[in-house]
Amino acid sequence: MDIVEAFRMIMSATCIRFVQHTNELNYLEIKDGQGCASFVGCRGGAQPVFFGKTCSVGNLCHELLHAAGLYHEHTRHDRDDYVIVNWQSIRPDRKTNFEVKMGNTLNLPYDLESIMHYGPSYFSTDGKDTLQAKQPGVEIGQRTHLSRLDSRKLNRLYHCGK
């Protein structure tokens, strides 16, 4: 089952553990959706994580990391040192997904390999790249695994080690 595989992907690389909900006040509720989506961080109570038919294990893992508190990597304050944002190619209704957020970087470096990084043509209006890595030959936007820095960020955020 894809949901269990997404949980395993996170648990195998971090100190985070997912358990069956019993009487916890705050918990994740996996819901059917048109796509994949989650709020960032704990909202309190039943927190929806939407998982549609087109979502892969990696997409769900990405959304679970949002719920755990991670923003998109390409919205960090230092992103312009690592990527070029081609605003003219981004769908107008998705431009907020590319705006800088003043979240906590946990004093860890920018991660082009992060599962939380968008790929080069995400939300393109014209088929052209919306994001370009400044470092030649680097692929961005993978949804197959947590990067080494993704794991470190989560372990640091939750004050645990692995």
Side-chain angles (χ1 to χ4, degrees), residues 2-3 5-14 16 28 30-43 47-158:
D2 286 349
I3 295 167
E5 286 305 310
F7 289 151
R8 280 191 192 132
M9 188 184 298
I10 296 167
M11 292 190 304
S12 69
T14 71
I16 293 174
L28 299 177
I30 308 296
K31 300 182 95 170
D32 286 335
Q34 300 252 317
C36 305
S38 175
F39 294 107
V40 175
C42 181
R43 310 282 280 195
Q47 180 163 330
V49 176
F50 296 97
F51 181 55
K53 290 182 183 357
T54 60
C55 296
S56 68
V57 170
N59 293 131
L60 181 56
C61 181
H62 173 99
E63 298 308 329
L64 290 168
L65 295 187
H66 277 316
L70 297 186
Y71 285 96
H72 291 129
E73 190 69 7
H74 61 275
T75 64
R76 285 172 50 129
H77 68 85
D78 58 349
R79 64 103 185 274
D80 292 334
D81 295 335
Y82 302 93
V83 296
I84 298 165
V85 180
N86 297 313
W87 292 100
Q88 70 282 0
S89 293
I90 300 171
R91 285 181 22 197
D93 63 323
R94 294 299 184 159
K95 288 191 179 200
T96 57
N97 292 33
F98 293 80
E99 292 174 355
V100 169
K101 308 278 189 283
M102 288 301 156
N104 184 352
T105 64
L106 301 165
N107 294 317
L108 289 169
Y110 193 91
D111 186 8
L112 290 164
E113 297 175 15
S114 175
I115 199 167
M116 299 307 292
H117 207 297
Y118 275 4
S121 61
Y122 282 34
F123 302 114
S124 179
T125 59
D126 54 13
K128 295 180 182 171
D129 285 352
T130 53
L131 288 173
Q132 290 175 267
K134 287 187 174 182
Q135 185 179 342
V138 173
E139 290 185 36
I140 56 174
Q142 62 84 16
R143 293 293 180 270
T144 60
H145 63 280
L146 271 67
S147 71
R148 187 180 56 79
L149 283 170
D150 288 330
S151 299
R152 286 183 63 199
K153 283 177 190 167
L154 286 165
N155 287 338
R156 191 169 285 182
L157 181 62
Y158 285 89

Would you say [X] and [Y] make side-chain contact, with heavy atoms under 4.5 Å?
{"X": "Thr105", "Y": "His77", "value": "yes"}
{"X": "Leu64", "Y": "Ile30", "value": "yes"}
{"X": "Val85", "Y": "Leu131", "value": "yes"}
{"X": "Thr14", "Y": "Asp150", "value": "no"}
{"X": "Tyr158", "Y": "Ile16", "value": "yes"}

Provide the full list of salt bridge (Lys or Arg N to Asp or Glu O under 4.0 Å) pairs with a residue in [range], sequence neighbours left out, each pair given once.
{"range": "residues 116-144", "result": "none"}
{"range": "residues 59-78", "result": "Glu73-Arg76, Glu73-Lys153, Arg76-Asp78"}
{"range": "residues 87-103", "result": "Arg91-Asp93"}

message: List the residues meeting side chain to side chain contact (heavy atoms under 4.5 Å, CB included) with Gln88, not counting sequence neighbours, and say none if there are none.
response: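 For Gln88 the side chain to side chain contact (heavy atoms under 4.5 Å, CB included) partners, ignoring immediate neighbours, are Asn86.
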
Counting N and O atoms only, with roles assigned by atom type, does the side chain of [X] sit under 3.5 Å from a partner on the main chain of [Y], one being a donor and the other an acceptor?
{"X": "Ser124", "Y": "Ile90", "value": "no"}
{"X": "Gln135", "Y": "Tyr82", "value": "no"}
{"X": "Ser114", "Y": "Asp111", "value": "no"}
{"X": "His62", "Y": "Ile115", "value": "yes"}

field: Residue pairs involving residues 73-150 (criterion disulfide (SG to SG under 2.5 Å); sequence neighbours excluded)
entry: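 Listed once each, the pairs would be none.
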
Only counting residues at least two apart or in another chain, list the ones meeting side-chain hydrogen bond (donor to acceptor under 3.5 Å, both in side chains) with [X].
{"X": "Asn107", "result": "none"}
{"X": "Asp32", "result": "none"}
{"X": "Ser121", "result": "none"}
{"X": "Thr130", "result": "none"}

Can you see which heavy atom on [X] is nearest to which on [Y], and at what distance?
{"X": "Ile10", "Y": "Leu65", "result": "CD1-CD2, 3.8 Å"}
{"X": "Met102", "Y": "Val100", "result": "CE-CG1, 3.8 Å"}
{"X": "Phe39", "Y": "Pro48", "result": "CE1-CG, 4.2 Å"}
{"X": "Ala133", "Y": "Val83", "result": "CA-CG1, 4.1 Å"}

Drop me the distance from [X]'s [atom1] to [Y]'s [atom2], to the nearest 0.5 angstrom.
{"X": "Met116", "Y": "Leu70", "atom1": "CE", "atom2": "CG", "value": "5.5 Å"}
{"X": "His66", "Y": "Cys36", "atom1": "NE2", "atom2": "SG", "value": "10.0 Å"}
{"X": "Leu60", "Y": "Asp2", "atom1": "CG", "atom2": "CG", "value": "8.0 Å"}

Any residue meeting ring pair (Phe, Tyr, Trp, His ring centres under 6.0 Å) with [X], in chain and number order, not counting sequence neighbours:
{"X": "Tyr71", "answer": "none"}
{"X": "Phe123", "answer": "Tyr118"}
{"X": "Phe51", "answer": "none"}

message: I'd like to know whether CD of Gln47 has more than 12 heavy-atom contacts from other residues, nucleotides or ligands below 6.0 angstrom.
response: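 Correct, the count exceeds 12.
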
message: Over 60° means perpendicular and under 30° means parallel, so tell me whether Phe98 and His74 are parallel, tilted or perpendicular.
response: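 Ring orientation of Phe98 relative to His74: tilted.
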
